[in-house]
*Asks:* 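What follows is a structure written as structure tokens; I'll ask about it next.
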Amino acid sequence: MLLRIARCGLFMVVFIFFGVASAEETPALPDIPGWVCGELKVARFDAVSGNYGYWQERDYRTPGGIGLKAVLMYGNGPKFYNLPPNGVASNDLPVGSGATYEIILLKGYRSLIEYHPTLGYSVAVNAFEKKYTLTVECGPFEKRGDVLRTVEEILGFIK
């Protein structure tokens, strides 16, 4: 009887320890000090066969006034995209509207930055090793460097 209680207690300690450890490693859109952080919207990727991760969305406004929307997808449900090599860049001219894209590194992650003169910037970060993708979008009046610094700051707060 005492052995059974000891096993149960050990099981609970291991369960709690590993449960806390895995929760700390799960990425999420953060509250960032000094920023206006909108409501965090979450949708889980649940299926009959189990949970495949989640989708999160949040609006932010930086102290410098940059307004943006961030979307984070995590888990086995989202499929990770293949990117061309770093440095590849192109545009949609001569028949397009002047949209451009480039493959870059942000905080060690291969990322795609797109710019459309009417719609603005979109940055997609492929954090394949950590099983998540982060997409950040903002308007056309922001500066490229400010947008990239903002995305890097968000990445710094994601575990």
Side-chain angles (χ1 to χ4, degrees), residues 4-88 101-116 119-139 142-159:
R4 185 176 291 168
I5 293 172
R7 278 190 204 156
C8 186
L10 179 61
F11 174 75
M12 291 300 289
V13 168
V14 169
F15 179 76
I16 291 169
F17 175 75
F18 284 112
V20 170
S22 64
E24 290 175 1
E25 295 173 8
T26 303
L29 288 175
D31 285 320
I32 300 175
W35 290 25
V36 175
C37 303
E39 174 189 354
L40 180 63
K41 299 170 189 161
V42 180
R44 293 176 46 93
F45 299 137
D46 287 323
V48 174
S49 57
N51 178 268
Y52 291 93
Y54 56 82
W55 164 93
Q56 294 183 342
E57 178 182 315
R58 178 175 251 174
D59 292 329
Y60 290 100
R61 181 159 303 278
T62 68
I66 297 175
L68 52 103
K69 178 177 294 298
V71 174
L72 183 138
M73 290 193 306
Y74 169 78
N76 293 325
K79 299 302 178 202
F80 298 96
Y81 51 90
N82 293 320
L83 291 174
N86 292 342
V88 170
Y101 79 90
E102 183 180 0
I103 307 301
I104 60 174
L105 276 180
L106 285 177
K107 292 250 183 207
Y109 300 118
R110 293 190 57 212
S111 304
L112 167 72
I113 182 168
E114 297 176 302
Y115 176 74
H116 187 279
L119 302 174
Y121 283 98
S122 175
V123 179
V125 179
N126 188 358
F128 180 76
E129 304 81 24
K130 295 192 176 191
K131 296 174 76 172
Y132 76 85
T133 57
L134 172 68
T135 304
V136 176
E137 298 175 340
C138 64
E142 309 303 339
K143 294 185 174 108
R144 176 186 164 111
D146 293 340
V147 172
L148 294 177
R149 279 189 292 282
T150 301
V151 174
E152 286 179 329
E153 191 163 351
I154 294 171
L155 285 169
F157 280 92
I158 295 176
K159 296 193 185 286

*Asks:* Quick one, Leu134 and Leu29 - any side-chain contact, counting heavy atoms below 4.5 Å?
*Replies:* yes
*Asks:* Hey, could you give me the CD/OG1 distance between Glu137 and Thr135, rounded to the nearest 0.5 Å?
*Replies:*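 One gets 7.0 Å once the value is rounded to the nearest 0.5 Å.
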*Asks:* Going from CG on Leu68 to CG on Asp59, what distance comes out if it is rounded to the nearest 0.5 angstrom?
*Replies:*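 Spacing of CG (Leu68) from CG (Asp59) equals 8.0 Å.
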*Asks:* Between CG of Asn86 and CD of Glu102, what distance do you get to the nearest 0.5 Å?
*Replies:*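 Those atoms lie 9.5 Å apart.
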*Asks:* Please test Phe128 against Arg110 for side-chain contact (heavy atoms from CB on, under 4.5 Å), starting from the C-alpha separation and ending with a verdict.
*Replies:* CA-CA 9 Å; Phe128 180 76; Arg110 293 190 57 212; over 6 Å; no
*Asks:* Anything under 30° is parallel, anything over 60° is perpendicular, the rest tilted; go ahead and classify Tyr74 against Tyr54.
*Replies:*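 Tilted, since the angle between the ring planes falls between 30° and 60°.
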*Asks:* Got Ile158 and Tyr132 here, is their nearest side-chain heavy-atom distance under 4.5 Å?
*Replies:* yes
*Asks:* Between the main-chain N or O of Ala47 and the side-chain N or O of Ser49, is there a donor-acceptor pair closer than 3.5 Å?
*Replies:*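 Checking the backbone N and O of Ala47 against the side chain of Ser49, no donor-acceptor pair under 3.5 Å is found.
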*Asks:* Looking at side-chain heavy atoms only, is the closest gap between Pro30 and Trp35 below 4.5 Å?
*Replies:*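 No, every pair of side-chain atoms sits at 4.5 Å or beyond.
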*Asks:* Under the criterion salt bridge (Lys or Arg N to Asp or Glu O under 4.0 Å), I'd like the reasoning laid out for Asp31 against Arg58: C-alpha separation, chi angles, the key distance, then a yes or no.
*Replies:* CA-CA 10 Å; Asp31 285 320; Arg58 178 175 251 174; 3.1 Å; yes
*Asks:* Minimum heavy-atom separation for Tyr121 to Glu142, with atom names?
*Replies:*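 Closest approach of Tyr121 to Glu142: CE1-O, 3.4 Å.
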*Asks:* Only one of Thr133, Ile113, Leu105, Leu106 passes side chain to side chain contact (heavy atoms under 4.5 Å, CB included) with Val125; say which it is.
*Replies:* Leu106
*Asks:* Tell me, do Tyr101 and Val88 make a side-chain contact under 4.5 Å, heavy atoms counted?
*Replies:* yes
*Asks:* Return the minimal non-hydrogen interatomic distance between Glu152 and Lys107, and the atom names on each side.
*Replies:*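 For Glu152 versus Lys107, the nearest heavy atoms are O-CE, 3.3 Å.
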*Asks:* Is any side-chain heavy atom of Val123 closer than 4.5 Å to a side-chain heavy atom of Thr150?
*Replies:* no
*Asks:* Rounded to the nearest 0.5 Å, how far does OG1 of Thr62 lie from CZ of Arg149?
*Replies:*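 Here the interatomic distance stands at 10.5 Å.
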*Asks:* For Gly34 versus Pro63, what's the shortest heavy-atom pair and its separation?
*Replies:* O-CG, 3.4 Å
*Asks:* So which atom in Cys138 and which in Gly67 form the shortest heavy-atom distance, rounded to 0.1 Å?
*Replies:*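 Minimum heavy-atom contact is CB-O, 3.3 Å.
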*Asks:* Return the OG to NZ distance between Ser122 and Lys69, rounded to the nearest 0.5 Å.
*Replies:*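 Rounded to the nearest 0.5 Å, the OG-NZ separation comes to 12.5 Å.
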*Asks:* Looking at every non-hydrogen atom in both residues, tell me the closest pair between Ile103 and Pro84 and how far apart they are.
*Replies:* CG2-O, 3.5 Å
